[in-house]
Amino acid sequence: MSGDQLHNDSQIEADFRANDSHKHKDKHKDREHRHKEHKKDKEKDREKSKHSNSEHKDSSEKKHKEKEKTKHKDGSSEKHKDKHKDRDKEKRKEEKSKSSGDVKIKKEKENGFSSPPRIKDEPDDDGYYASPKEDSKPLKRPREEDDDEYKPKKIKTEDIKKSKKRKQEEEEDNKAKKTKSKDKKVPEGDNKKKKQKKEEEQKWKWWEEERYPEGIKWKFLEHKGPVFAPPYEPLPENVKFYYDGKVMKLSPKAEEVATFFAKMLDHEYTTKDIFRKNFFKDWRKEMTSEEKSTITNLNKCDFSQMSQYFKAQSEARKQMSKEEKQKIKEENERLLKEYGFCIMDNHKERIANFKIEPPGLFRGRGNHPKMGMLKRRIMPEDIIINCSKDSKVPPPPPGHKWKEVRHDNKVTWLVSWTENIQGSIKYIMLNPSSRIKGEKDWQKYETARRLKKCVDKIRNQYREDWKSKEMKVRQRAVALYFIDKLALRAGNEKEEGETADTVGCCSLRVEHINLHPELDGQEYMVEFDFLGKDSIRYYNKVPVEKRVFKNLQLFMENKQPEDDLFDRLNTSILNKHLQDLMEGLTAKVFRTYNASITLQQQLKELTTPDDNIPAKILSYNRANRAVAILCNHQRAPPKTFEKSMMNLQTKIDAKKDQLADARRELKSAKADAKVRRDEKSKKTVESKKKAVQRIEEQLMKLEVQATDREENKQIALGTSKLNYLDPRISVAWCKKWGIPVEKIYNKTQREKFAWAIDMADEDYEF
DNA sequence: GTGGTTACTTAGTACTCCATTA
DNA sequence: TAATGGAGTACTAAGTAACCAC
């Protein structure tokens, strides 16, 4: 298959799939919503479902309350997994029996889903793709050697010489800074340049140093603690809240929560029943008893004045003078300078998120049962500080104290707290450019490269396991095949009712796949349709091997749509097995491996040596896109997409006219030169020629831009670029073809991948 | 084997800022 | 000079997976 073909096919696929996906997104959501609601409603509601909407809502709310009560009363029953599962299955069964009458949805689904298979290339023989040839070239740097990864990790201590050198350098740097501040005679521009140069020279190459022993994350850590959200500022007197048409002054606490809702009034969220219900419940908790007895119906609340006030405020912010904006900018910079960095082992490192999340309303993704709940304000008393014993512990704000100060150098976080919505722990950690994150990232790609070496063996093994006598082994083998072939996520188990109903490979249910012995002229087709991470829909039709198909039929035998497809499997079983096959191997390594290897293959196929730089970059983006499609990285089409495409087209048309004019002028200049035969007219011809060339180039650039943008409409390239693609592949490609790395990675990305930019040469092979 | 907890990576979206254009 | 648009950034939700106790 040629590069072009591949590109075109994948593009068509992408468009089909993306259109499909968005067309049906809402329907899907509706269906999912019904699914959940019905689960809650159980038997009694079966009858009621025929009744009016409002009735249905009321009863479901009651049921929900009952459910919550029983949850609290009888926690033990909740804990028992099998019972739990069985009950879910029962509920799902009921839901299914109800929704089976939903002809409309089914019909539309049949009509709408026509995307071609979206899989990686496979040779015809066995539906199995060969891994690329392994490269035996020695890698330049010692730490790139895979052997390093194979051996059980040796305990390494920091090279004394190096650390001494580092200290020396730092001291010199400090001296230099001092003298620089004294020296006022040097012109500022010069100073800046020098400073920049110096900074570049002094970028710490942690990747050239020894790693710490396994488990030790740092030896010294000092920071200033977190920045708390600004306190609530009460609304001005003239901004009123109305209840049932009458002005009502709210207590500060209730008012603050009301403003959260008012700020979101234009958002679709605030029209959703669950959101409103959750918000109202939590809002009432913040009210005084008087307010509670008055405000009993959210529909009677009028937040419009508040909403307008915030809109006016944001408008005023936009209209601020340059000076005012500058002042704010400076204040932010000051905050960043003070709290945005820490000292970790002799190095100043940037902190990723030093600000504590402000209070507000929880905005889950997809059909989240907790959307609208109040995310409470985090106080110093909620905060755990982590730093080294010999560091200066950050002082809590006056009149407050920390929940705890600990000195745990086996973890990377500086600050943590527990949020109130899911009860999960949130952390303040370092920036991706830091040593601690970079090292981990590098390690991740090294693990994926190790997988490359044994992936053939693993593939042979799971193919064998499709024939196993043990059901558990067969399920494991088929699931692994999907994870490998389709880059599916592992699919951990989730607590029912706590999050949106999304799945990954191991948690797929029977209802998420459809088997077609023949479809679109191909045999043994599996049709996937489920909501994955972030409730992004995964829809794909894939031809599989006969044995896989037969196994799937077996797994689905005597099961209901809401039953687990792989009922003998979970991620922990799968990962334990993978661990036996290769040290450090887990399900997610396959995603990294397949993404990176795909990029490398695609770059080889798509890059045309004679192309100019913009065309080569288009090829790069196409290779990147192939990965994004594989990993199902979608985005909502930008709101201004159509408009901006139209503008671009207008520009292209204008450029075409300009080109036509220029060509005409060139032609007449040539004719003129033929007659006159003098130097002057020759020169004119030359300059006209150049003008044509220049315009041609400009036109080409615009056209490339248009193609790229169109192909990217619903595909997000960033996620794979940042998390799945070994940056050394991109760096090597840039070096090989003389493309400035800035064209591929922006400043932040270059900082994150500094290690790769420094160490990869053009021969690098993933 | 299970459930709970913890630590960390991966993810999409909303917002901000700055360059370009009218 | 204001409007526009797009790249880059901030934010934080939602995953994966390890570990531990039972």
Side-chain angles (χ1 to χ4, degrees), chain A residues 75-76 78-82 84-85 215 217 264 267 314 317-319 322 325 328-329 332 336 352-358 360 362-366 368 370-371 375 384 386 408 410-413 416 418-419 421-432 436-437 440-441 444 489-495 498-500 502-507 531-536 570-576 578-579 584-589 591-592 595 628 631-636 638-641 643-645 647-648 651 705 709 714 716 718-724 745-749:
Chain A
S76 59
E78 283 287 320
K79 278 178 194 163
H80 202 289
K81 202 197 160 193
D82 279 348
H84 188 89
K85 263 200 172 175
K217 302 293 167 63
M264 293 174 80
H267 203 287
S314 88
R317 228 172 294 136
K318 279 182 205 156
Q319 300 299 326
K322 254 188 185 171
K325 280 184 184 168
I328 292 175
K329 206 179 160 187
N332 283 335
L336 174 71
N353 55 325
F354 58 90
K355 288 178 184 162
I356 299 278
E357 294 171 21
F362 175 74
R363 305 156 82 138
R365 306 205 179 120
H368 203 294
K370 297 193 169 183
M371 63 166 85
K375 236 174 77 161
I384 302 174
N386 192 30
D408 183 358
K410 306 232 171 11
V411 296
T412 67
W413 54 267
S416 77
T418 305
E419 54 92 45
I421 305 288
Q422 331 247 23
S424 64
I425 307 168
K426 300 254 182 174
Y427 302 94
I428 289 182
M429 291 186 193
L430 295 193
N431 202 51
I436 219 162
K437 294 287 181 191
K440 202 75 192 294
D441 211 32
K444 173 180 79 185
R489 293 188 188 85
N492 280 335
E493 278 153 295
K494 299 163 75 185
E495 211 178 320
E498 293 291 301
T499 57
T502 61
V503 296
C505 185
C506 294
S507 50
L531 296 182
K533 182 177 179 179
D534 293 317
S535 294
I536 297 291
N570 60 37
T571 52
S572 137
I573 295 172
L574 179 66
N575 280 336
K576 258 180 209 142
L578 292 176
Q579 195 62 237
L585 184 61
T586 62
K588 90 186 183 86
V589 179
R591 238 166 115 80
T592 312
C631 296
N632 202 36
H633 290 143
Q634 296 188 27
R635 63 165 184 171
K639 278 168 198 147
T640 52
F641 184 83
K643 203 181 151 196
S644 80
M645 272 320 268
N647 288 347
L648 196 53
K651 271 190 197 168
Q705 203 185 342
R709 199 181 292 173
Q714 286 173 300
T719 308
S720 50
K721 204 180 203 178
L722 241 43
N723 301 300
Y724 288 105
Y745 292 131
N746 67 33
K747 190 170 164 270
T748 316
Q749 292 164 342

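Keep in mind that what you see is a predicted model, and the values were worked out from it rather than measured. Just so we're on the same page: letters track the sequence lines, and every chain starts at 1.
In this structure, A/Asn746 places its CG atom 6 Å from C1' of C/dG8, rounding to the nearest Å. Distance A/Phe354 CZ to C/dT12 C1': 15 Å, rounded to the nearest Å. Rounding to whole angstrom units, CG of residue A/Leu531 and C1' of B/dA11 are separated by 15 Å. Between A/Ile356 atom CD1 and C/dT12 atom P the separation is 10 Å, expressed in whole Å. We find that CD1 of A/Ile425 is positioned 16 Å from C1' of C/dA13, with the value rounded to whole Å. To the nearest angstrom, C1' of C/dA10 lies 11 Å from CG of A/Asn431. Straight-line distance from the CD atom of A/Gln579 to the C1' atom of C/dT16: 14 Å, rounded to whole Å. When the C1' atom of B/dT5 is taken as reference, atom CH2 of A/Trp413 falls 13 Å away, rounded to whole Å.
Side-chain N/O atoms of A/His368 include one lying less than 4.0 angstrom from OP1 or OP2 on C/dA14. Remark: A/Asn575 is in phosphate contact with C/dA17, judged by side-chain N or O atoms under 4.0 Å from OP1 or OP2. Residue A/Thr719 places at least one side-chain N or O closer than 4.0 Å to OP1 or OP2 of B/dG12. Within the 4.0 Å cut-off from OP1 or OP2 of C/dA18, not a single side-chain nitrogen or oxygen of A/Ser572 is found. Regarding contacts with the backbone of C/dA14, a side-chain N or O of A/Gln422 is found under 4.0 angstrom from either OP1 or OP2. In this model, the phosphate group of C/dA17 is not approached by any side-chain N or O of A/Arg591 to a distance below 4.0 Å at OP1 or OP2. Phosphate contact (OP1/OP2 of B/dC8, side-chain N/O of A/Lys440, threshold under 4.0 Å): absent. Close to C/dA13, at under 4.0 Å from its OP1 or OP2, lies a side-chain N or O of A/Lys375. Distances shown here put a side-chain N or O of A/Arg489 below 4.0 Å from the OP1 or OP2 atom of B/dA11. Applying the 4.0 Å criterion to OP1 and OP2 of B/dT10, one finds that A/Lys588 has a side-chain N or O inside that range. Considering only side-chain N and O atoms, A/Lys576 lies nowhere under 4.0 angstrom from the phosphate OP1 or OP2 of C/dC19. The side chain of A/Thr586 places an N or O atom within less than 4.0 Å of a non-bridging phosphate oxygen (OP1 or OP2) of C/dA17.
Contact of the A/Thr412 side chain with the A/Leu430 side chain is not registered, since no non-hydrogen atoms from C-beta on lie closer than 4.5 Å. Side-chain contact between A/Leu722 and A/Gln749 is present, with heavy atoms from C-beta onward closer than 4.5 Å.
When heavy atoms are screened at a 4.0 angstrom cut-off, A/Tyr724 is found touching the sugar-phosphate backbone but no base atom. Note on A/Lys217: only backbone sugar-phosphate atoms sit closer than 4.0 angstrom, heavy atoms only; bases stay farther off. In this structure, A/Pro358 reaches the sugar-phosphate backbone alone: every heavy-atom distance under 4.0 Å involves primed, P, OP1 or OP2 atoms, never a base. Contacts of A/Gly532 with the nucleic acid, taken as non-hydrogen atoms under 4.0 Å apart, involve only primed sugar atoms and P, OP1 or OP2. If you check every strand for non-hydrogen atoms under 4.0 Å, A/Thr412 touches sugar and phosphate atoms only. Note on A/Gly718: nothing from the nucleic acid sits closer than 4.0 angstrom, heavy atoms only.
Of the two residues near DNA chain C, A/Ala587 and A/Lys747, the one whose nearest nucleotide lies more 5' is A/Lys747. DNA chain B is contacted by both A/Ile436 and A/Ala716; A/Ile436 maps to the nucleotide lying nearer its 5′ end (nearest heavy atom per residue).
Distances from the side chain of A/Asp534 to the nucleotides C/dA17, B/dT9, B/dG12 place B/dG12 closest. Closest to the side chain of A/Arg365, from the set B/dA11, B/dA7, C/dG8, is B/dA11. Counting only heavy atoms from C-beta on, A/Phe362 has its side chain closest to C/dA13 among B/dC8, B/dT13, C/dA13. You'll find that the side chain of A/Asn492 is closest to C/dT16, out of C/dT16, C/dA14, C/dG8.
Side-chain contact, A/Asn575 with A/Thr586: no donor N or O sits under 3.5 Å from an acceptor N or O. In the model, A/Thr502 has a side-chain atom that pairs as donor or acceptor with a side-chain atom of A/Lys494 under 3.5 Å.
Separation of atoms CG (A/Asn492) and SG (A/Cys506) is listed at 8.0 Å; rounding is to 0.5 Å.
Partner of A/Thr499 under the side chain to side chain contact (heavy atoms under 4.5 Å, CB included) criterion, out of A/Lys370, A/Arg365, A/His368: A/His368 alone.
Classified by interplanar angle (parallel below 30°, tilted 30° to 60°, perpendicular above 60°), the ring pair A/Tyr427/A/Trp413 is tilted.
Between the base of B/dT9 and the side chain of A/Lys444 there is no donor-acceptor pair shorter than 3.5 Å.
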